[in-house]
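Everything on this sheet refers to the single structure shown next.
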Amino acid sequence: MPNRNDIFETINMIREECLDIRTITMGISLFDCQCDDEKRLCTKIYDKIMYHARNLVQTGADIEKEYGIPIINKRVSVTPIALMCGGISRDGALNIARTLDRAAVELGINFIGGYSALVQKGFSNGSRTLISAIPEALATTQRLCSSVNVASTKAGINMDAVALMGKVIRETADLTADNSAIGCAKLVVFANVPEDNPFMAGAFHGMGEPETVINVGVSGPGVVASAIRRAGTECNLTEIAETIKRTAFKITRVGQLVAKLASERLNVPFGIVDLSLAPTPAIGDSVAYILESIGLEKCGCHGTTAALAMLNDAVKKGGVMASSHVGGLSGAFIPVSEDAGMIEAARCGALTLDKLEAMTAVCSVGLDMIAIPGDTGAEVISGIIADEIAIGVVNTKTTAVRLIPAGKAGDMICFGGLLGEAPVIPVSPYSPAVMINRGGRIPAPLQSLKN
């Protein structure tokens with residue numbers, strides 16, 4: 001049983017250190033909605049989502065009120081929609097997008113994810129149909145999120161898909177240019193995508209998941225930064241790692257509690273707790289500030305990758321003991337626009353695109369919510385994707401890319417809300433076009449042969 005000090009410490013984490021439950025995400029399988037009639041398909045999808053998630057927002061609000069634990073987002077993820085598109089037209093895929101968005105609005109959830117395709121080894125007809133519809137779908141909806149998995153350690157990298165996604169991001173940016181290219185903030189390209197991720201924009205309900213499931217994502221960078229500062233400057237790095245582990249355990253226990261309560265009240269199986277440190281634009285709620293608390297003058301300076309590697313490892317070691325099921329991405333996120341410290345470091349030049357890429361080799365996601373110049377060509381975008389995806393494939397880890405082409409280098413692009421704002425980071429002026437246009441597949445690395 002928790003003692004009085006543990007209770008007061010948790011209360012202080014919530015009140016003073018920005019501890020929150022970042023999201024309760026309900027996964028819903030749509031496989032039994034399959035239908036050749038496009039209008040009937042949309043009706044069945046809408047009805048099923050509305051039936052299962054009808055109490056999601058109210059349940060989250062009730063738990064938040066009863067226990068005093070902030071629950072920032074309530075979300076839904078669905079079966080990858082490309083799997084439903086094999087026999088329908090592009091207009092049908094767009095109608096599904098609008099159906100999903102309408103359900104999200106009427107439920108009162110923040111986002112709905114699963115407008116997704118898995119093309120690591122090649123394209124199905126449904127995948128081609130869905131990907132062709134992504135730019136218009138994201139430009140004409142508000143709460144829909146999309147993702148495409150273009151590579152895995154087992155399959156290698158589908159460079160045809162990488163080239164195509166560069167064009168898709170470019171088109172999405174153009175269609176939403178009057179709104180800071182916001183469509184691109186709802187689109188992510190993956191390698192080794194997890195099927196139980198509760199975080200947007202990459203969440204979808206995986207093929208091996210149950211009919212419905214509750215996944216919870218926790219957060220608490222401010223809690224970890226405060227714990228390190230309290231430990232003092234005399235601690236060595238081993239002691240700092242132990243401090244992070246103990247703190248991550250406490251953060252994850254809060255997530256386990258909320259997941260258990262939501263599962264019971266919604267009568268939906270509990271899936272996983274994603275024990276990630278997901279930052280927000282709020283001052284103090286920053287992964288960059290954790291790294292600076294460890295002893296870096298500014299996030300992005302030499303030593304940043306090593307500090308992030310220690311942080312990510314300690315979070316996982318501490319959190320995994322606090323929950324019966326851990327999954328999703330789990331670790332430390334470094335989205336530039338959503339992290340006040342990262343924004344500051346990028347603005348002053350300490351944090352560059354190349355340094356961010358190096359950091360993604362040891363963190364939980366990848367190049368996330370990064371604004372690049374609005375005139376960046378599709379081939380250059382594909383080159384950035386290819387580099388990041390290669391890190392994930394070779395290291396048998398999840399990596400992702402969420403780029404927003406908008407403005408000019410040095411500008412600040414504002415997205416609002418949880419998405420925050422980001423300085424536009426310059427990219428290399430040299431082009432990888434010849435390589436990108438070769439197409440084909442980069443074969444799977446040798447370490448994929450584990451059977």
Side-chain angles (χ1 to χ4, degrees), residues 23-61 73-118 124 126-127 129-130 133-134 137-138 140-147 186 193-216 259 262-272 328:
T23 180
I24 296 177
T25 300
M26 177 181 284
I28 302 173
S29 172
L30 300 181
F31 279 121
D32 57 355
C33 297
Q34 193 65 261
C35 181
D36 291 335
D37 183 297
E38 295 177 5
K39 185 176 181 180
R40 178 63 178 152
L41 173 61
C42 288
T43 299
K44 292 174 74 173
I45 287 173
Y46 174 83
D47 288 345
K48 185 164 188 181
I49 293 170
M50 296 301 294
Y51 174 77
H52 285 289
R54 64 192 184 279
N55 296 321
L56 176 62
V57 171
Q58 187 59 53
T59 298
N73 296 293
K74 295 87 178 175
R75 299 166 172 171
V76 168
S77 63
V78 299
T79 301
I81 294 299
L83 299 176
M84 318 292 288
C85 292
I88 68 174
S89 65
R90 181 178 180 277
D91 285 343
L94 286 170
N95 286 333
I96 293 176
R98 291 160 189 154
T99 298
L100 294 172
D101 194 58
R102 179 164 66 97
V105 171
E106 294 184 14
L107 288 169
I109 59 175
N110 307 92
F111 289 112
I112 187 165
Y115 203 71
S116 307
L118 310 176
S124 66
S127 295
T129 299
L130 179 124
I134 286 174
L138 295 180
T140 57
T141 59
Q142 293 182 321
R143 307 189 188 193
L144 180 70
C145 290
S146 180
S147 61
K186 299 182 291 177
V193 65
E195 297 190 353
D196 55 4
N197 167 29
F199 288 105
M200 299 295 171
F204 66 86
H205 188 69
M207 290 175 283
E209 296 289 300
E211 186 71 11
T212 55
V213 71
I214 286 292
N215 296 321
V216 167
S263 172
E264 291 173 352
R265 296 184 184 189
L266 291 165
N267 195 28
V268 171
F270 161 51
I272 57 94

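Please read all numbers here as calculations on a predicted model, not as lab measurements. Computed from heavy atoms alone, side chains included, the values below leave out hydrogens, waters and symmetry copies.
- Side chains of F204 and V78 form no contact here, defined as non-hydrogen atoms less than 4.5 Å apart.
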Please walk me through it: do S89 and E38 pass side chain to side chain donor-acceptor pair (under 3.5 Å)? CA-CA 8 Å; S89 65; E38 295 177 5; 3.1 Å; yes

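- If you take CZ on R90 and CD1 on I134, they are separated by 10.5 Å, rounding to the nearest 0.5 Å.
- Between I45 and L100, some side-chain heavy-atom pair lies under the 4.5 Å cut-off.
- Within the 3.5 Å criterion, the main-chain N or O of A137 finds a donor-acceptor partner in the side chain of T141.
- Here the straight-line distance linking atom CD1 of I28 with atom NE2 of H205 works out to 8.5 Å at 0.5 Å rounding.
- Take K48 and apply the side chain to side chain donor-acceptor pair (under 3.5 Å) test, not counting sequence neighbours, and it matches D32, E211.
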Please report the C-alpha distance between M26 and V213 in whole Å, then the side-chain angles of each, then the deciding distance to 0.1 Å, and finally whether the side-chain contact (heavy atoms from CB on, under 4.5 Å) criterion is met. CA-CA 6 Å; M26 177 181 284; V213 71; over 6 Å; no

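- Closest approach of A93 to I88, counting heavy atoms only: N-CD1, 3.7 Å.
- Counted within 6.0 Å of CD on Q34, heavy atoms from surrounding residues, nucleotides or ligands total more than 12; the atom is thus considered enclosed.
- For the pair I49/L30, a side-chain contact is recorded, criterion being any heavy-atom separation below 4.5 Å from C-beta on.
- Within the 4.5 Å cutoff, the side chain of M84 has heavy atoms near those of the L41 side chain.
- Inter-residue side-chain proximity for S29 and T212 is flagged as unmet; no heavy-atom pair is nearer than 4.5 Å.
- Note: L83 CG to M207 CE = 5.5 Å, rounded to the nearest 0.5 Å.
- With contacts defined as side-chain heavy-atom distances shorter than 4.5 Å, the pair K74/T23 does not qualify.
- The CG atom of N215 sits 7.0 Å away from the OG1 atom of T25 when rounded to the nearest 0.5 Å.
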Does S116 form a side chain to side chain donor-acceptor pair (under 3.5 Å) with S147? I'd like the steps, not just the answer. CA-CA 5 Å; S116 307; S147 61; 2.8 Å; yes

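- In this structure, the side chains of E106 and M50 come closer than 4.5 Å at one or more pairs of heavy atoms.
- Summarising the geometry of N197 relative to G202, their closest heavy-atom pair is ND2-C, 3.6 Å, with the distance given to 0.1 Å.
- Closest of all the heavy-atom pairs between I214 and A259 is CG2-O, 4.4 Å.
- A donor-acceptor contact shorter than 3.5 Å is absent between the side chain of Y115 and the backbone of L130.
- Expressed to the nearest 0.5 Å, how far CD of Q58 lies from CG of L107 amounts to 12.5 Å.
- You'll find the side chain of R143 reaches within 4.5 Å of the side chain of V105, heavy atoms only.
- The nearest pair of heavy atoms linking C85 to I96 is SG-CD1, 4.4 Å.
- For F199, the ring pair (Phe, Tyr, Trp, His ring centres under 6.0 Å) partners two or more places apart in sequence, or in a different chain, are F333.
- A pairwise comparison of heavy atoms in I24 and G60 identifies CD1-CA, 4.3 Å as the closest pair.
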Dump the intermediate steps for side-chain contact (heavy atoms from CB on, under 4.5 Å) on I112 and R75, then the final yes or no. CA-CA 6 Å; I112 187 165; R75 299 166 172 171; over 6 Å; no

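- Once rounded to the nearest 0.5 Å, the distance linking CG of N73 with CD1 of I109 reads 10.0 Å.
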